[in-house]
Colleague: 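Got a structure here, written out as structure tokens. Questions coming.
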Protein chains: 2
Amino acid sequence: MTPVSDDLKALVEQVKAVSHPLRMRVLALLEPGELCVCQIAETLQVPQSSVSEALRELRRAGFVVERKDGRWVFASVVPKKQASPLLKGILADAGRLLEVLEDRALEVKALSIPVVCSKVQKSSPADRAVSRV
Amino acid sequence: MTPVSDDLKALVEQVKAVSHPLRMRVLALLEPGELCVCQIAETLQVPQSSVSEALRELRRAGFVVERKDGRWVFASVVPKKQASPLLKGILADAGRLLEVLEDRALEVKALSIPVVCSKVQKSSPADRAVSRV
DNA sequence: ATGCCATATCGGAAAATATCGAAATATATA
DNA sequence: TATATATTTCGATATTTTCCGATATGGCAT
């Protein structure tokens, strides 16, 4: 094949970032608002290390940003203004999937489960309502 | 991980279809109009079997359709009406890449098909030994 | 300091994918 | 029919990715 430019490689890397069910689900799960790693792990029933690795790829692709708050790391999708056509397209298609809607509904329940992050456990319902929207 | 639905699998398969430099280039190369397999192989300097395999994946993803004309197979991107948000996003981002514009600028279309095709068929591996992806 | 907790990184075996020549298939033409 | 051509499929190896437990890092509390 004729030489492949860095730009093309970068685009392919972006696509690879969501070429996996877990990473696609994590990205879609984050669209409504930020979540911390343990919430994602609990919602999707997957090892925390897998979530951490998934987020690293999504961050490398420029789809997700992270915010540290003490020992917690909150991840969110980049602002819509900064979203590339590719990212918008992915979110549009993923947002139509029943499974994604179910994940988001589960995530709401996970917030009230005492086993999740103690931050969540101790926060008041009002705090939750604010952080979600 | 909680069970993965067929819908999600299908979306991930679509994304996988372009998670490869050759397949991304082929898809982008086809956007302006249909090309036959040998034209693609010649333009991108890649074995014809690789193009065939790339097109199979793009077809499976629903991004590309094929039209047979005698011994030639012409491939094209699905009509824009039928294009998903994902496909539109991919094409938008890929269409901005200099490399993609260069590929299109080769204007292999101008050459008569038999000339291009026989060139591909007879080229030796050494003729395109430079880059590998 | 010690311990706990959320997260990140590592290791490395198993699974999936890439690669491309060779062989097979299909189609045109003499 | 035979032969040349365009494409697909096969086969085998090489490379990449996935997966998750174990371990490391860093912040917070006592």
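The sequence lines fix the lettering, A, B, ..., with proteins before strands; numbering per chain opens at 1. Source: prediction; values computed, not measured.
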Colleague: Ignoring hydrogens and angles, are the base of C/dC20 and the side chain of B/E53 linked by a donor-acceptor pair under 3.5 Å?
Modeller: yes
Colleague: Check whether any side-chain nitrogen or oxygen of A/K68 sits under 4.0 Å from OP1 or OP2 of D/dG27, and answer yes or no.
Modeller: no
Colleague: Identify whether the distance between the nearest side-chain nitrogen and carboxylate oxygen of A/E57 and A/K16 falls below 4.0 Å.
Modeller: no
Colleague: What is the distance, to the nearest angstrom, from the CH2 atom on A/W72 to the C1' atom on C/dC4?
Modeller: 12 Å
Colleague: Stepwise, does the salt bridge (Lys or Arg N to Asp or Glu O under 4.0 Å) test hold for B/R23 with B/E53?
Modeller: CA-CA 9 Å; B/R23 297 195 295 264; B/E53 284 164 350; over 6 Å; no
Colleague: How many Å lie between CD on A/E57 and C1' on D/dT18, as a whole number?
Modeller: 11 Å
Colleague: Is it the case that the base of C/dA6 and the side chain of A/Q48 share a donor-acceptor contact (distance under 3.5 Å, atom types as modelled)?
Modeller: no
Colleague: Can you tell me how far P of D/dT7 sits from CG of B/L35, to the nearest Å?
Modeller: 11 Å
Colleague: Any idea which of C/dA8, D/dT7, C/dC20 is nearest the B/S52 side chain?
Modeller: D/dT7
Colleague: Which listed nucleotide (D/dT7, C/dC20, C/dA18) is nearest to the side chain of B/P47?
Modeller: C/dC20
Colleague: Starting at CD of A/E66 and ending at C1' of C/dT7, how long is that distance when rounded to a whole Å?
Modeller: 10 Å
Colleague: So, is B/R56 near the phosphate of D/dT9, with a side-chain N or O under 4.0 Å from OP1 or OP2?
Modeller: yes
Colleague: Separation of B/M24 atom CE from C/dA18 atom C1', in whole Å?
Modeller: 17 Å
Colleague: Return the 5'-most residue of the pair A/L55, B/R23 with respect to DNA chain C, ranking by each residue's nearest nucleotide.
Modeller: A/L55
Colleague: Specify the separation, in whole Å, of atom CD of B/E42 and atom P of D/dT7.
Modeller: 12 Å
Colleague: Is A/D103 reaching over with its side chain to a backbone N or O of A/L29, donor-acceptor style, under 3.5 angstrom?
Modeller: no
Colleague: Nearest nucleotide by nearest heavy atom, which residue falls closer to the 5' end of DNA chain D, B/K16 or A/S49?
Modeller: B/K16
Colleague: Within a 6.0 Å radius of atom CZ on A/R60, are there more than 12 heavy atoms belonging to other residues, nucleotides or ligands?
Modeller: no
Colleague: OP1 or OP2 of D/dC19 versus the side-chain N and O atoms of A/H20: is any pair under 4.0 Å?
Modeller: yes
Colleague: Donor-acceptor check, side chain of B/R104 to backbone of B/A28, threshold 3.5 angstrom: yes or no?
Modeller: yes
Colleague: Return the value, rounded to whole Å, for the distance between atom CG of B/D69 and atom P of D/dA6.
Modeller: 13 Å
Colleague: Which whole-number value in Å describes the distance from B/R71 CZ to C/dT27 P?
Modeller: 12 Å
